[in-house]
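One structure is given here, and the rest of the page talks about it.
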Amino acid sequence: MTSDTGAGDLRAVVTKGRFESIEAAYLVLWPVMRAIAAAVGDHCEVVLHDLSRRDLGHTIHAIVNGHVTGRAVGGPSTNLGLEVVRDEGAEHDEFGYVGRTADGRELHCSSVYYRDASGRVIAALCINVDLTPLQTAQNVLASLLPARAPPSRIARSTRPTSRACSTR
C-alpha cells in the first residue's frame, strides 16, 4: 500500500482496523500466524488469544508450533492477559520482551492486542521464539575458540626464539 501523504493515512487505516469478533480476527490473522511461524521456523510459537470472554483459563483460540511451550487450543492466558483485562484502556502492545517456558527456557516475545469497535480488547496475537537453538549455536561457536590465557602466560609464550617459524 502506497500513499502520497505518508504515514498519517496508514495510522488512520490501522486505527479503524478493529475486529467485530474473535472469529473475524482469526480469519485475518490465521494466515499471518502461519506465515510468521514458517518464516522463523519450528522454534517460533504464534498464538491467538480470545480475550473477549474474559475467561483467562481458556484463551488460546489458535496456535502454531504449540510444542514450543507445550500449550494447545483451549489453554490459558499468561499474566500479561490478566494485566490487559485489569487496565483495558491502556496501550499494552509489547515488543521484544523476555519470557520463559514452564521448564525455564528463554523466549523472545512480542504481543499485539486487538479491540472491537467499542474499544474493548478482544484478542492478542503473541509471538514466542525459543532461544535454545540460538544459544546452542552460540555455545558451539564459543567452544571452537580457545579460552583466554592469563596475560602472564601469554607474555611467557611469546618470547623470541632462535628458530623462525615458516609457513611454507
Non-hydrogen atoms of [X] and [Y] that approach each other most closely:
| X | Y | value |
| --- | --- | --- |
| Ile127 | Cys44 | CG2-SG, 3.8 Å |
| Ser110 | Gly96 | OG-N, 3.0 Å |
| Thr59 | Ser77 | OG1-N, 3.1 Å |
| Ala123 | Ile22 | CB-CD1, 3.7 Å |

Compare all side-chain heavy atoms of [X] with those of [Y] and state whether any distance is below 4.5 angstrom.
| X | Y | result |
| --- | --- | --- |
| Leu56 | Pro76 | no |
| Val112 | Phe95 | yes |
| Tyr114 | Leu29 | yes |
| Val129 | His43 | yes |
| Met33 | Leu48 | yes |
| Asn128 | Leu107 | yes |

Review point. Got more than 12 heavy atoms from elsewhere within 6.0 Å of CZ, Arg34?
Key: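 Not buried by this count: 12 neighbours or fewer within 6.0 Å.
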
Check your understanding: Honestly curious: do Val28 and Trp30 fall in one hydrophobic cluster under the side-chain, below-4.5 Å linking rule?
Key -> yes

Practice item. Please name all residues satisfying ring pair (Phe, Tyr, Trp, His ring centres under 6.0 Å) with Tyr97, sequence neighbours left out, ordered by chain then number. Key: none

Review point. Distance-only, no hydrogens or angles: does the Asp130 side chain make a donor-acceptor pair with backbone N or O of Val68 under 3.5 Å?
Key: no

Point to revise | Flag, side chain of Asp116 to backbone of Gly119, donor-acceptor distance under 3.5 Å | key: yes

**Study point:** Test side chain to side chain donor-acceptor pair (under 3.5 Å) applied to Ser52 - qualifying residues, sequence neighbours left out
**Key:**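 Partners of Ser52 by the side chain to side chain donor-acceptor pair (under 3.5 Å) criterion, ordered by chain and then number, come out as Asp50.
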
Point to revise | Approximate separation, where rounding is to 0.5 Å, of Ile36 CD1 and Glu45 CD | key: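 CD of Glu45 is found 12.5 Å from CD1 of Ile36.
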
Study note, to complete from the structure: The reported gap from CG in Asp93 to OG in Ser111 (rounded to nearest 0.5 angstrom) is 8.5 Å

Please output the side-chain donor-acceptor pairs of residues 81-91 that fall under 3.5 Å, not counting sequence neighbours, one pair per line with the distance.
from	atom 1	to	atom 2	distance (Å)
Glu88	OE1	Arg54	NH2	3.0
Glu88	OE2	Arg54	NH2	2.5
Glu88	OE2	Val121	N	2.4

Using a 3.5 Å cut-off and no angle test, enumerate the donor-acceptor pairs between side-chain atoms of residues 135-142 and protein atoms at least two apart in sequence or in another chain.
from	atom 1	to	atom 2	distance (Å)
Gln135	NE2	Glu106	OE1	3.1
Thr136	OG1	Thr132	O	2.9
Asn139	ND2	Gln135	O	3.3

Check your understanding: Side chains of Arg71 and Thr69: donor-acceptor distance under 3.5 Å anywhere?
Key ->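 Arg71 vs Thr69: donor-acceptor pair found between side chains.
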
Review point. Who else is in Val73's hydrophobic cluster (ILVMFWY, side-chain heavy atoms under 4.5 Å, direct or via others)?
Key: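 Listed partners: Val47, Ile60, Ile63.
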
Practice item. Return each pair, listed once, that meets ring-ring contact (aromatic ring centres under 6.0 Å, His included) where at least one residue sits in residues 44-93; pairs must be two or more places apart or across chains. Key: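 Only Tyr26-His61 qualify under ring-ring contact (aromatic ring centres under 6.0 Å, His included).
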
